[in-house]
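A short write-up of the structure that comes next.
We count ligands from 1, going down the list as the structure has it; atoms in each ligand are counted the same way.
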Amino acid sequence: MLKISPSILAADFCNLERDIGQIASADMVHVDVMDGAFVPNITIGVPVVKSIRRHTDLFLDVHLMIEKPVRFIDAFCDAGADLLSVHLEADHPTGIEAALRRMEARGVKRAIALRPITDPRAVIPYLDHIDMVLVMTVEPGFGGQKFMESQLDTVRRVREYIERYNPACDLEVDGGVDSATAKLVVEAGANVLVAGSAVYGAADPAAAIAALRAANQK
Ligand code: DX5
Ligand code: ZN
C-alpha cells in the first residue's frame, strides 16, 4: 500500500495545528529535524515534536538530519515519535548501530536514511533490523528543491535489496516529490512518499494528497 507523509517543513509554523488538521487523509506526518551541522539549516526540535504529539494521532515520521543521532533517540521517543530515521552519513557505523539498538529498546520504528551521494549498497548490513529505508531525492537541508532523477536508480536498487533481504521493509522517498515525480518513484519501487511543497503549496492539501495517491494507479 502506498503511504503519504506530508512534510510540515512547508507548513506555517504559527498555525501547525491547523495545517496538520489539513492532512488528516495522510498516513503519516513527516517532521524534518535539522541541526545546522549535518545540514546547513536549523528547523524543528524535541519540544515541537512533543507539542505536535498532543494534537494529532497521525503516525509521526521523524527525519533526523543531525550529527551523532544516538544522543537524541531517547528525547525524540519521549516526545512521541513513532518512527525515527537516522542518516548513515551522520556517524561512524558503531554510532549508527548504537542508535538502532536504542530505538529497538524504546520500541520505536527504525529507518536508515541515505544522502544522494551514498552508495545504496551501504544499507545492506542494516536491512535485517530496520523498518524503512529513506532515499533522499534532493540534498537534505531545504524544502522546495528540484527532484533528482538520478536517484531513481538508487530507489530501484534499494527495492531489489529489500525484496532480497527484508520484504516487509518500507521504502520512503523524500525531496521534490509531486504528482508527476511520484509516478516515477513508485514505478522504481518506493511505497512511502514524503511531500512538502506539493501538499502545503497546493490550494487544497487534501486534493494534493489524493493526487499523490493516484501515482499508484498504473
Ligand atoms: C529536505 C527534507 C524534506 C523536505 C521535502 O531536507 O528532508 O523532507 O521537507 O520538501 P519538498 O517536498 O518541498 O521537496
Ligand atoms: Zn525529510
Side-chain angles (χ1 to χ4, degrees), residues 2-13 16 19-20 22-23 26-45 48-49 52 58-67 69 72 76 81-90 109-118 131-152 154-155 158 170-186 190-213 215:
L2 186 64
K3 299 178 208 168
I4 310 295
S5 189
S7 167
I8 55 162
L9 190 57
D12 175 356
F13 285 177
L16 265 187
D19 285 8
I20 290 172
Q22 291 174 339
I23 58 162
D27 303 280
M28 311 180 184
V29 182
H30 186 82
V31 183
D32 287 306
V33 176
M34 305 188 191
D35 66 354
F38 181 70
V39 287
N41 197 7
I42 297 177
T43 53
I44 294 165
V48 178
V49 173
I52 294 171
L58 279 169
F59 185 95
L60 291 187
D61 162 27
V62 178
H63 180 190
L64 299 178
M65 285 161 276
I66 62 175
E67 284 184 356
F72 289 98
F76 282 103
D82 293 300
L83 175 145
L84 295 174
S85 295
V86 293
H87 268 270
L88 266 193
E89 310 84 4
K109 296 232 183 275
R110 295 166 288 177
I112 288 288
L114 303 178
R115 297 185 99 118
I117 186 94
T118 303
D131 303 285
M132 190 174 86
V133 176
L134 190 176
V135 173
M136 291 302 303
T137 41
V138 297
E139 259 320 314
F142 299 91
Q145 302 181 76
K146 191 178 172 317
F147 178 80
M148 294 168 68
E149 290 223 4
S150 54
Q151 281 301 87
L152 287 172
T154 299
V155 176
V158 171
D170 282 323
L171 204 180
E172 180 176 67
V173 290
D174 183 6
V177 176
D178 58 22
S179 53
T181 55
K183 237 178 141 24
L184 305 177
V185 291
V186 168
N191 72 308
V192 184
L193 308 182
V194 176
S197 332
V199 169
Y200 283 111
D204 180 352
I209 291 168
L212 290 167
R213 285 199 198 283

Return the CD to CD1 distance between E89 and I112, rounded to the nearest 0.5 Å. 9.5 Å

Non-hydrogen atom of A198 closer than 4.0 Å to ligand 1: no

Can you sort out which atoms of ligand 1 are near S197, meaning under 4.0 Å from one of its heavy atoms? 11 (P), 12 (O), 13 (O)

Give a yes or no on whether the backbone of D174 and the side-chain of T137 come within a donor-acceptor separation of less than 3.5 Å. yes

Which ligand 1 atoms are under 4.0 Å away from a heavy-atom of G141? 1 (C), 6 (O)

Any idea which atoms of ligand 1 are less than 4.0 Å away from a heavy-atom of H63? 7 (O)

Give the intermediate values and the outcome of side-chain contact (heavy atoms from CB on, under 4.5 Å) for residues Y200 and D19. CA-CA 8 Å; Y200 283 111; D19 285 8; 3.7 Å; yes

For the atom pair CZ (F76) and CD1 (I66), what is the distance rounded to the nearest 0.5 Å? 5.5 Å

One residue to check: A195. Relative to ligand 1, which of side chain, backbone, both or neither has a non-hydrogen atom less than 4.0 Å away? backbone

Purely on distance, is any nitrogen or oxygen of M65 under 3.5 Å from one on ligand 1? no

For ligand 1, which atoms sit closer than 4.0 Å to a heavy atom of S7? 8 (O), 9 (O)

Would you mind listing which atoms of ligand 1 come within a distance below 4.0 Å of any non-hydrogen atom of V194? 8 (O)

If I apply the N/O under 3.5 Å rule, does L9 come out as touching ligand 1? no

Ignoring hydrogens and geometry, is there a side-chain-to-backbone donor-acceptor pair from N41 to M34 under 3.5 Å? no

Looking only at N, O or S atoms in D32, which is nearest to the Zn ion (ligand 2)? OD1

With heavy-atom distances below 4.0 Å as the criterion, list the atoms of ligand 1 near P140. 6 (O)

Just checking, any donor-acceptor pair under 3.5 angstrom between side chains of H63 and D61? no

Looking from the Zn ion (ligand 2), what is the angle between ND1 on H63 and OD2 on D174, to the nearest 10°? 90°

Could you report the tightest heavy-atom contact between A190 and V155, atom names first, then the distance? N-CG1, 3.9 Å

Could a heavy atom of G144 be found less than 4.0 Å from some atom of ligand 1? yes

Could you tell me whether M34 and ligand 1 have an N or O pair separated by under 3.5 Å? no

When rounded to the nearest 0.5 Å, the distance separating CE of M148 from OG1 of T154 is 8.5 Å

Can you list the atoms of ligand 1 that are under 4.0 Å from a heavy atom of D174? 2 (C), 3 (C), 4 (C), 5 (C), 7 (O), 8 (O)

Any N/O pair E139/ligand 1 closer than 3.5 Å: no

Please state which protein non-hydrogen atom is closest to atom 12 (O) of ligand 1 and give its distance, to 0.1 Å? G196 N, 2.7 Å

Please report the interatomic distance CG(L60) to OG(S5), rounded to the nearest 0.5 Å. 9.5 Å

How many angstroms lie between atom CG of D131 and atom CZ of R110, to the nearest 0.5 angstrom? 5.5 Å

